[in-house]
Each structure stands twice: as structure tokens, then as C-alpha cells.
Amino acid sequence: MNQITESSPAPDAPLPGGPLLEVRDLSCERDERVLFAGLSFVVDCGTVLQIAGSNGSGKTTLLRILCGLNDGYDGEIIWRGESTDDTAESFVGDLLYFGHRVGVNKILTPLENLRWSAGMQRTVNDQLLLDALAAVGLRGFEESPCYTLSAGQQQRVSLARLRLSPATLWVLDEPFTTLDVDAVAQLEQTLADHARQGGAVIVTTHHKLTMPSLSRLTLGMS
Amino acid sequence: MNQITESSPAPDAPLPGGPLLEVRDLSCERDERVLFAGLSFVVDCGTVLQIAGSNGSGKTTLLRILCGLNDGYDGEIIWRGESTDDTAESFVGDLLYFGHRVGVNKILTPLENLRWSAGMQRTVNDQLLLDALAAVGLRGFEESPCYTLSAGQQQRVSLARLRLSPATLWVLDEPFTTLDVDAVAQLEQTLADHARQGGAVIVTTHHKLTMPSLSRLTLGMS
Amino acid sequence: MLSASVKPSTRSAFMLTLKRDLLIAFKRKNDIVNPFMFFVIVISLFPLAISPEGEKLAEIAAGVIWIAVLLSAMLSMDSLYRGDFEDGSLEILLLSPHPLFFLVLAKNIAHWLVSGFPVVIASPLLAYMLKLPSESYGTLMLTLLIGTPTLSLIGSIAVALTVGLGSRGLILAVITLPFSVPVLIFGTLAVQASASGLPAGGYLTLLLALLAGSLSLAPLTSAAALRISVS
Amino acid sequence: MLSASVKPSTRSAFMLTLKRDLLIAFKRKNDIVNPFMFFVIVISLFPLAISPEGEKLAEIAAGVIWIAVLLSAMLSMDSLYRGDFEDGSLEILLLSPHPLFFLVLAKNIAHWLVSGFPVVIASPLLAYMLKLPSESYGTLMLTLLIGTPTLSLIGSIAVALTVGLGSRGLILAVITLPFSVPVLIFGTLAVQASASGLPAGGYLTLLLALLAGSLSLAPLTSAAALRISVS
Amino acid sequence: MWLWFAKLGSPKWFYELSSKWLPWLVVATVLVIGTATVWALLFLPPDYQQGYTSRILVVHVAVAGTSLAFFPLMAVAGTITLVWKMKLADMVAKNAAALGAWFSFITLATGSIWGSVSWGTWWEWSDSRLVSMLFQFFLLLGVVSLRSALEDSDKAAKACALLSIVGCINVVIIKYSVEWWNTLHQPASPVSLQTGSANGPEFWIATALMILGVYLFLSVSLILSTRNEILQRERRALWVQELVAAER
Ligand code: HEM
Ligand SMILES: Nc1ncnc2c1ncn2[C@@H]1O[C@H](COP(=O)(O)OP(=O)(O)OP(=O)(O)O)[C@@H](O)[C@H]1O
Ligand SMILES: Nc1ncnc2c1ncn2[C@@H]1O[C@H](COP(=O)(O)OP(=O)(O)OP(=O)(O)O)[C@@H](O)[C@H]1O
Ligand SMILES: [Mg+2]
Ligand SMILES: [Mg+2]
């Protein structure tokens, strides 16, 4: 069980002291099956890390471990030089997690959903929210309850959070599912922009991503 | 609101009297928004029809209407020459629907799930089921409860139904989500095989499909 | 591939569905233990909240047992179609080439076996704890045996109607409880009659009539309700 | 983009969460009407099942009302975290940069306002229908006002622990009901005391102590339970 | 016949027809209820026991009688919705449920007020009419809350139709079983609706008028709320937009 990291050239912006996130010798087993072991990698500001791997190779598990949502692991996760256990609060304030379940309440409208989910991380006003919704192609649906939206539109509501988030590190679990081709291209652009502006992205997807400063980590090559 | 149908050459097998499924002048509106209107198309044995369209264009709605799961529509759906209202039982017996929710019980194992879901449509024995599970790459997971499977693996459990189904018409709503690249290629092959053997497939996806006898219908080009 | 397979008979689809639901219940275990535990706990609240005295308890015993049965039946309904709705199995059920009546009936029977039947078995013990006169244990069990399937069948309609809703616990109760009133009345009257040495046959007949009625109509109505909920 | 925004204060995150939960409840309407309806219907089953006679009812009134309150509080809990768990909002809550204690508290308060408070308001009407002596209406409302938040807070722990389970209705009950027994006992004792003209102050103090205890401990425990359930 | 039926299904047709009839109905309602009220207030002799409060019985009896009509009405409308998918029937059913809940509530309230005077108690379990009316009220609230819980209006229409039909059967069973339950529990207090204390001929004339008036009122409110519903649901239809333009 080993991993291949094919890094593209490092971003040219100099890093302010040490990497943003460093993972050292991480291993995890579930139900007696080793998902990954001795996993070490570094995520710097300005980079996008794609976690690849076949179904069941442990991508979702890895992301949830990184965010502190799972704790069945061995190894160290270091955030700006300190273990995430010690920096929990500051770490979480600078992190955006987007999971298989997208965090959109079906009864509320997109606007009301964002008002809460974005508002938990930063102060917002309605104009900002409306702009973000328009940017993900939901103009005209701001006030429809989310249960009337299609699968892809619900996904977009949640993706609007990306445009509002003050977090440096984005951790995205298959954000491209159910999106149409335009939306996929647009989301790739958003990720690239975030990296260019000094943020960092960890993303799982079975898509082939092409963007500058992308590196890839493939799980479960045995 | 119009639709573009780009048909590739018809399959060379002669059709036994009339098309398999014919849709005449179908229209549907939800919440005062016309999703599609005057939609007419034909699905013959031996063909794959891809329904394309951006998010929210009505693909899921169309598929559910075809299967009789939604009835807020105007127009006619004709199955082997008769309206589906009159032939409900024989129609349903010859149909396999695969929706956004995949029909996999989390507590049961893949084997137990298939025993029921495939067993409702045809008589099965365990060897058949095990073969189908192995074919979708779930060897070794036959007896794990499905809640321990990853998102893609759960999707695969449901896709194993395709290999067991006696139905002529497959109606698949985004069957490719969360599948890894190998599984995607394999599923495309399965669809092509089904068509070659005289079956018919209606599938929605944002993937670019390439297979013989594929035609495409794009919704919501305005 | 298209021709070699055999369409299963409705009877085997019925058995498949019954077995599957029982299997899920046994794997979960909670589904079996909980209605029963709830029943016991609710009943044991009464001596605490009302009075621990034997005579007083004996007076209210029949009513308390029946109300506890009603509530536990209602609570356990929640699991009848919800899981299937959420994971998409309901669509497989609806699009199977068999009459929905029988499949719904199979699910109801499985559900009753798991949630209603244990309560019937345990009732004499609880009746003893509430000091119900021992002559009426037989009648109590008999009424429960006839009454609980009726409650399950009626509840099934309400669950089917509300299966798509986010939080159902209460709306389910609000719809089901009024429907359970006749069962409750005949059930308690029968037990009270036998406790005071009167014949209870008439009430039993009425309960049987309610059961027969719901056995023939409720699965049909549930099936229709499921079709509505899924659309 | 990374620097211009301001991290909201914990107070404003608290208010945001409170408002959101109230908004969801109001949009659903049922969340508000149903606990209340359930309470009323369950209470009106008792005269049918036990006896319509005034004196008999008066004897059991306090207990019956408290049991109905308990059950309706417990049933309404179901909606507290389930929706958020299923749609992923719970992960947003857990990964927000605010102490989970306050966010959980906000959710509990919203829930009590919607489900517990209406029951308190309606209780005198039901007490009248059960012929409770009118001197004890005040005590009844007071005990409910102190007791129902306690029940909500206790229930919240159980819901948080069970939020990932398929069918929760009953397991929830089985966990919550035993913990609610002290509230039930002190509540009914207080009402019974005031109905027979005795002072009820002691019981009220005990209820207040239970409320204070659960107000400080329950949200912490719920928060921990939520973390466990989500992982 | 079928043509007429199909026409009746069209909201537009109903809207136009009701426009013609509505003024007359409103006038009739006001007249009848007015006469009945005046009659009850001025000409009804005070009851020898309860004095002038007895007049509320006129309202009570009228409303009680009318509220029994709701479940059958909803069941019929529900059958039409399910079988012929007629939108109009559902609009009527939707408003009937809410209105029925109100009527049941008024029956309960007026009955209680009257009871507090004539029996000295606001509520008594040992009368089957009271108890079965209470459960009818619960069932109607159940229908209303199901309607508001289901988000999709098409779905809600069908689900409520089904519930109304089943509920209608159940109301009958409850009534019958409660009655029977009651004959077994000998009422402890001398409570029965058949004490007949207030029924002189004047009383019955006033009551008959009031019943007619309440039925008229029921029709008017149903028609009004249905028209409202039509305008809302068809607000994009050409004829509604023309109507709105004409109003401006
Ligand atoms: C099915 C529903 C009901 C119907 C059809 C109904 C009908 C009537 C009628 C016809 C009378 C006049 C009887 C007479 O003068 O002898 C009456 C009287 C009365 N009703 Fe109702 N009623 C209904 C429900 C209720 C309810 C729910 C209450 C109380 C909450 C109530 C309380 C009374 C009282 C107190 C009287 C006066 C009895 C007396 O004369 O002493 N009724 N009702
Ligand atoms: N329950 C509903 N009530 C009202 N409108 C609805 C409902 N469900 C869907 N719609 C509307 O129908 C439109 C089409 O939805 P549908 O799910 O068919 O889209 P889709 O083409 O499958 O999109 P996607 O690619 O995102 O899956 C949506 O824009 C939505 O506004
Ligand atoms: N709750 C669980 N209990 C036990 N094992 C689990 C559990 N969840 C996941 N697993 C195991 O962990 C493995 C990895 O799961 P994970 O969801 O991380 O995969 P993934 O890489 O995200 O796959 P996918 O591409 O399908 O989303 C699975 O094969 C599964 O067997
Ligand atoms: Mg995954
Ligand atoms: Mg779709």
C-alpha cells in the first residue's frame, strides 16, 4: 500500500514560515482493513491538492480525519506548525469543509441557507449573498425553497459558500457531482483563483483536473 | 424552449413492429416554470438515449414521468404501441429504474440487498448475485453491511442490479456519480452491451458518452 | 439475458419482502426490543405519576395498558417505510411487477411480528404489575392480539401519507390517534367487562370486524398513499 | 477575500442559529402545532380508556397531564438534530469557530419555544377537562414552565447520541424516559400537593435545581454526543 | 351531463359563474342570519332557568348541524380529486378542511358556554356528541396539518383527498363507538342533550332560520376562498391576467 505524489512545480509566492498543513505518517484502518499507512504530505498556501484513488480507497475518510470529524487514526496533523489538537479553534476558523452531504436545508430558501451557513464563519449582508448566488447561476431561485431545486442546483447553493468563505484551507469532497459542464468549469476556476490568492485546496474527485500548482495524491495503489 | 436530437445511425437489427417507447408532445411545468413542452421522441430497441441539459433543466423530472413515478404532465407515453396507463403492469415488468437515491439499504449487506431488489424482477440464486457483485468490483465486500461501504461502492451495489435485470428498458438517472474512472468505463460498456443485445437505455449524465447507436436529447435550450 | 430469466410469482415476491423486512429488523435489534421497552417504561410511569396503591391501579390498569400499546404501536410505525423512502427502495417496490397490495401487506405483517407481537406476549406481566384482576388476562391478550394488527394497519396509512416529511414523529401521531379511538374503546371495554365477570364476546366480535375491515382496505389505501408520497 | 471579512462574535452566531431554527419551525408550521395537538389528543384518550367520571379523572389528572407532557416533549425531540444531520448542516455547526455549547443551547431554546412553551400555555384548559381542582392550575403551569425546558435539555442528549440511527422514535424514548422520571415525580407531587391545599414550594425548588443542573451540563454533553455521532 | 361536468372542472368557468351568483348569495346570507339573530334576540322568551343565555343555543344548534356536513363534503371532493383529477374539487376541499375545523371549534365553544350555564360545567366526557365532535375536530386539524406539511401542492391534494375519505369512515365509527361506550358508563351527572329546556316553537323557527343562514354562510365562504385560491393558482393564466388588468 503506497502512494504516489506527482507534484507540479511549486508556486512561486514565498511561504510565510513553514507549510500551512502538514501530515506526518498518517495511517487509518477500518474494519481490519488498512486504508492507508505512513501517509505524509504537505499542503502549502497557493496550492491545490487532488486526492485521487478508486472507490473505497479512503478519500472521504482522509478528508474527514483532516478536518477533525473522524478520529480513528494514527499520526500527526500539523496546522501552521502546531498539532491540530492544540489549535482546534483557530484551525476550524480557517477551514471550510464541503462533504458528501452538502449542508442545505430543504425547507429554507438558498438565501436563508447561506445567511446561516456563511454567517457562521463571517459577517455577511444580503447583497453579498445575492451576488454569490447569482455567481453560481441561481439567479431567480434565491427565494424558492430548496426542495424545489434539482440535485445540481442544491449542490450549487452549497458551492456559493466557497465564494463567501474567509477560510484559507478548503477541504472539498467530490464537489463536482451532479454539476453540469459549465458549472464544473466554473468551479475549477474558483479553486484555481483561491489558490492564486494564497489559499489552499484539498479536493477529491474522479475528474481530471487541470490547473496551475496542482499536485495529486493517489490513495490505495497496491 | 426547444430540443435538439442528434441521432447517430439507427441499429441494423430490424425492429419487431413499432418502436419500444414513444413519447408524444410531452410537456411539464413545475411551480409555473415550463420545464419542457412539445417534447416528442422515440426509443427503439438497440439504442441508447442520453438526456442532456444543464442543472435544473428537467432531466430527472422527465425520467420519473416516463416511469410513471410523477404524473404532473401532459402528453402521451406509448409503450409497445399502447399508452402506459393501460399497460402499467407489463410495462413495469420490463423496466428498470435507477434514481438519484439508489435503493440500497445500509444495514443489509450487498448480497442481501440484491437478493431482494433483483429478486423482485426475476428469480435469482446466490451464485448469480455473487457473480454480479464480483463483476462490479465488490468481491470481498459481499458480506459487509452497506453502511461501511464508501459512496462509490454503494453506487456499485445498485449497479449490480443492471447485470441481473431482465428488463428491456433501462432508465438511469446519473448512474456515473461517485464512480471512479474504471467503473465509469465499465458501466459505459455495460450500457453498450445492453443495447447491442436488443435492450434500450435512457440515461442522464453530464459525462460525454461515446458508444454506437447513441442519440442525445438536450433539454432546456432556450 | 433478456429471455432466460423467469418472472417470480407474486407469492414469492411477498415472501421475499417479508423476509427482507424481518432480516432488517433482526439486524437492527432495536426495532424488536424498543417497542417492547417503551411499552414497559410508559406503563411503569403510571404508578409513579398517579398512585402506587393497588386498588387505584387496578381500576385504571386496562386503560393504561391499552394507551401504552397505542402509543408504542404508533411510535414504532416510524420505521415502516421511512428507511425505504430515504434510500430509494420504495421506488423499487413501486416499480416491481407485482400488486402493491401484497407487498404492502408483507411489510405490515413483518412490522407487526416485530413490534406488535412482543407486546402482546408481555402484556400479562405488565397487567400483573398494575394489579389487573387475573381473570381478565386471557381477554387482555386476546384483545391485544386482535387489536394490535389493526393499529399497525391503520398506522401504515398515516406513515405512507407522511413518509416524505422531514419530521414525522408528531404529525403521524396526530393523524393516527383519532383513528385508534374505536380500537381503544372496544379493547378497554372488553377487558373491563371480563374484569368484572361479564362476557366480553361482543366486543371481541367488534374488534374482529375492525380487523377484517382494515385488513382488506388499509393495504390498498397505504399503497395509494405510497404512490402519492413518492411522486 | 481572505482578510476583508470579520469573524462574527459568538453572540451573533448564537442569534443566527436561534433565528434559523425558529424560521425552519415557522415555515413548517407543524412543528409548532403538533406537539400541542399530540398533548391534547393523548390526554383526551384517558377519559375514554379509563373512565369519564369527574372524581376519578380528578384523581389521576396531575399524573396524566405530566405523562402526556413527557411523551410529547420526547416525541418532538426527533426533529432537533435529525434534519441537520441528514442534510449535512451538522458538520457546518461542528466546524464553526464558535463554542458548540452556545450553538447547541440556541438550538435547544428554539426547540423549547416551539414545542414546550405552547404546551405550558394550553395546560390549564386540559387541566379543566380532566377536572383538576382549580386551585392547582397555577402550580401546574409553574411546574411545567420549569419542567419542560429540563425535559428538552435531557432529551437533547439522547437525540444527539442517536442522531445517526435509522429509526429513532423508540430508542430515543427508551433513553430519555428514565432520565425524565425525577422531573415527572417532582412535577406531579407539586401539583398533587397544591390540589390538596398543601404548600408546593419544596418541589418547585427541586425542579429549579434540576433545571439549573441540566442547563449547565446538558448542552455540553449534547455537544460531545454530536461529535461522536457525526464521526 | 359530461360536458357540464367537464365545464365545472374549469376554474375559469366556476369563477365567472360564481361572480354572477355571489352578490345574491351574500345578500341572502345577511338577510337570513340577520333575521334569525334579531328573532333570537328580540322574540325568544328568556328561558325559565338560564335566562337570556339560552339564545346562544340557536347558534350552537345551527353550527353543530352544519359542521357534520364537512367530512362528507371533503370525502366527495376527495374522490373527485383522485378519480377525475379535477383541480376545482381540491380547492374546495382545501378550504373546507380549514372552515370545518373552525365550525367544529365554534360548536365546541358555544356548546361549552351553554354547558357552563345549563350543566354548570364547561366540559363533560359522558356525552357522546361532545366527545365525537372533539375527535372530528382533531381529525380536521390532522387534515389541515397534513396539507401544510406537504410541500408539493399536487401531492398535498391527493394525500389530503385520501385522508378525507378514510377520515370520513372513521368519524362514523368513532361516533358509533363513543355512543356505545357512553351507554355503558352510566353518566354520573344528570347530563344529556335531551333535557329539552329551551325548545318552544319560537326557538325552533329561529334555529331553522339560523341553520339555513349558516349553510348560506358556509357556501359563501367556500366560494370566496375558492375564488381566491383560483386566482392564486391560475395567476399566470391569460384570463386572470386580463381580469387583473381590467381591475387596474
Ligand atoms: C355533533 C355535534 C352536536 C350536535 C348535532 C348538537 C346539537 C344540539 C342540539 C340539537 C341541541 C338542542 C337540544 C335540545 O334543545 O334538547 C343541543 C344542545 C346543547 N348542546 Fe349540542 N350539539 C353538538 C355538539 C355539542 C358539543 C360539542 C357541546 C359542548 C361542548 C354541546 C353542548 C350542548 C349543550 C350544553 C346543549 C344544551 C343542552 C340543554 O338543553 O341542557 N353540543 N345541541
Ligand atoms: N418538487 C418540486 N416542486 C417544484 N419544482 C420542482 C420540484 N422538483 C423540481 N422542480 C423544478 O424542476 C426543475 C428541474 O428539476 P430536475 O430535478 O428535473 O432537474 P435536472 O435536470 O434533473 O437537474 P440536475 O442536473 O441538477 O439533476 C428544477 O429547476 C426545479 O426548479
Ligand atoms: N463506517 C465505516 N465502518 C467501517 N468501514 C468503513 C466505514 N466507512 C467507510 N469504511 C471503509 O473505508 C473504506 C473507504 O471509504 P471512503 O468513504 O473513505 O472511500 P472513498 O475513497 O471516499 O470512496 P468513494 O470514491 O467511493 O467516495 C471503504 O472501503 C469502507 O470499507
Ligand atoms: Mg468518498
Ligand atoms: Mg437530476
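Note: hydrogens, waters and symmetry copies are ignored here, and every other heavy atom, side chains too, is used. Everything numeric here is computed off the predicted structure, so don't read it as measured data. Every chain is numbered from 1 and lettered A, B, ... according to where its sequence line falls, protein lines coming before strand lines.
More than 12 heavy atoms of other residues, nucleotides or ligands sit less than 6.0 Å from atom CZ of C:Phe101. For C:Met141, the CE atom sits in a packed shell: over 12 heavy atoms of surrounding residues, nucleotides or ligands are nearer than 6.0 Å. No more than 12 heavy atoms of other residues, nucleotides or ligands shown are found within 6.0 angstrom of CZ on C:Phe117.
Looking at E:Val143, neither its backbone nor its side chain comes within 4.5 Å of chain C, counting heavy atoms on both sides. Proximity to chain C is limited to the side chain of E:Leu162, based on heavy atoms less than 4.5 angstrom apart. Residue E:Ile169: no heavy atom, backbone or side chain, is found under 4.5 Å from chain C.
Contacts from residues 145-155 of chain C to chain E, taken as heavy-atom pairs separated by less than 4.5 Å, involve no residues at all. Taking 4.5 Å as the heavy-atom cut-off, the residues of residues 213-231 of chain C that approach chain E are C:Thr221, C:Ala224, C:Ala225, C:Ile228, C:Ser229, C:Ser231, ordered by number.
Annotation: the span from E:Leu150 atom CG to C:Thr162 atom OG1 amounts to 8.0 Å, rounded to 0.5 Å. How far CD1 of C:Ile157 is from CG of E:Leu163: 9.0 Å, rounded to the nearest 0.5 Å. The line from CG of E:Leu146 to CD1 of C:Ile175 is 4.5 Å long, rounded to the nearest 0.5 Å.
Heavy atoms only, all atoms of each residue included: C:Ile171 and E:Ser145 are closest at CD1-O, 3.7 Å. Between E:Ile174 and C:Pro178, the shortest heavy-atom distance links the atoms CD1-O, 3.4 Å. For the pair C:Phe186 and E:Ser177, the tightest heavy-atom approach, listed with the atom from each and the gap, is CZ-CB, 3.5 Å.
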Check the pair C:Phe179 / E:Val166 against side chain to side chain contact (heavy atoms under 4.5 Å, CB included), numbers first and verdict last.
CA-CA 9 Å; C:Phe179 282 96; E:Val166 184; 3.6 Å; yes
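Using a 4.5 Å cut-off on side-chain heavy atoms (C-beta onward), E:Asn170 and C:Val181 make no contact. By the 4.5 Å heavy-atom criterion applied to side chains, E:Tyr176 and C:Leu206 are counted as neighbours.
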